[in-house]
Chemist: 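What follows is a single structure, and I will ask about it in a moment.
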Amino acid sequence: GGFSYPSGHATVAFCHAVILGRIFPDKAARFLDEAKRIAQSRVVMGVHYTTDIREGERDGREIARELLTKPDFLARLAEVKAEVGRQP
């Protein structure tokens, strides 16, 4: 009765995981693991199929890759990384 394909939660989780992995490279694998858990939770809850979350992962990674080609986004990302680097 509703929309299923692709999973928006998986899309957002993987996009965020990729970007956060650029900010915190030492935690990149953990961010991706968490994105996988978020995506899988959608299947466990019965609101998505495995194909939905696979496509959500693909979309999220692709959106992140595209963002990482944009000069304005890269400039803001550099600002964030610099700010994080100044934190105690």
Side-chain angles (χ1 to χ4, degrees):
F3 297 102
S4 177
Y5 185 83
S7 166
H9 284 81
T11 301
V12 170
F14 278 96
C15 183
H16 287 176
V18 170
I19 301 302
L20 287 168
R22 293 296 181 104
I23 299 167
F24 303 98
D26 58 319
K27 296 181 175 123
R30 283 197 264 166
F31 290 127
L32 289 172
D33 287 344
E34 188 61 26
K36 289 174 189 172
R37 281 192 286 279
I38 289 167
Q40 188 60 39
S41 76
R42 307 304 290 162
V43 175
V44 170
M45 294 188 61
V47 294
H48 281 289
Y49 299 102
T50 302
T51 52
D52 302 340
I53 64 170
R54 282 192 198 135
E55 187 62 19
E57 176 179 356
R58 190 193 69 76
D59 288 351
R61 287 177 182 269
E62 184 60 33
I63 291 165
R65 270 193 293 275
E66 182 66 23
L67 286 170
L68 292 167
T69 69
K70 306 293 182 189
D72 290 347
F73 185 83
L74 291 171
R76 297 283 293 152
L77 186 64
E79 290 173 15
V80 169
K81 287 173 81 169
E83 184 176 338
V84 166
R86 290 191 297 270
Q87 300 300 314

Chemist: Less than 4.5 Å apart, any side-chain heavy atom of L68 and any of V18?
Modeler: yes
Chemist: Rounded to the nearest 0.5 Å, what's the gap from OG1 on T69 to CG on L74? Could you check?
Modeler: 7.5 Å
Chemist: Could you give the distance from CG (D59) to CZ (R54), rounded to the nearest 0.5 Å?
Modeler: 14.0 Å
Chemist: Run the side chain to side chain contact (heavy atoms under 4.5 Å, CB included) check on V43 and Y49 step by step: do they pass?
Modeler: CA-CA 6 Å; V43 175; Y49 299 102; over 6 Å; no
Chemist: Applying salt bridge (charged side-chain N to carboxylate O under 4.0 Å, His left out), which residue pairs with at least one partner in residues 70-88 are found, sequence neighbours left out?
Modeler: E66-K70, R76-E79
Chemist: Check whether more than 12 heavy atoms from other residues, nucleotides or ligands sit under 6.0 Å from atom CZ of F73, and answer yes or no.
Modeler: yes
Chemist: Would a hydrophobic clustering, with Ile, Leu, Val, Met, Phe, Trp and Tyr connected at side-chain separations under 4.5 Å, put L77 with L67?
Modeler: yes
Chemist: Listing request: all salt bridge (charged side-chain N to carboxylate O under 4.0 Å, His left out) pairs with a residue in residues 7-30, at least two apart in sequence or in separate chains.
Modeler: none
Chemist: To the nearest 0.5 Å, tell me how far K36 NZ sits from F31 CZ.
Modeler: 14.5 Å
Chemist: Looking at every non-hydrogen atom in both residues, tell me the closest pair between Y5 and T51 and how far apart they are.
Modeler: CE1-O, 3.7 Å
Chemist: To the nearest 0.5 angstrom, please state how far the CD atom of E62 sits from the CZ atom of R58.
Modeler: 6.5 Å
Chemist: Would you compute the distance between atom CD1 of I63 and atom NE2 of H16 and round it to the nearest 0.5 angstrom?
Modeler: 9.5 Å
Chemist: Starting from F24, can I reach F14 by hopping between I/L/V/M/F/W/Y residues whose side chains sit under 4.5 Å apart?
Modeler: yes
Chemist: Is there a side chain to side chain contact (heavy atoms under 4.5 Å, CB included) between E57 and I53? Walk through the geometry before answering.
Modeler: CA-CA 6 Å; E57 176 179 356; I53 64 170; over 6 Å; no
Chemist: If you round to the nearest 0.5 Å, how far is OG of S7 from NE2 of H48?
Modeler: 3.5 Å
Chemist: Are L32 and I38 linked, directly or through intermediate hydrophobic residues, by side-chain heavy-atom contacts shorter than 4.5 Å (ILVMFWY only)?
Modeler: no
Chemist: List the atom of A17, the atom of A35, and the distance in Å for their closest heavy-atom pair.
Modeler: CB-CB, 3.9 Å
Chemist: Looking only at non-hydrogen atoms, find the nearest pair between G56 and P6 and report the distance.
Modeler: N-CB, 3.8 Å
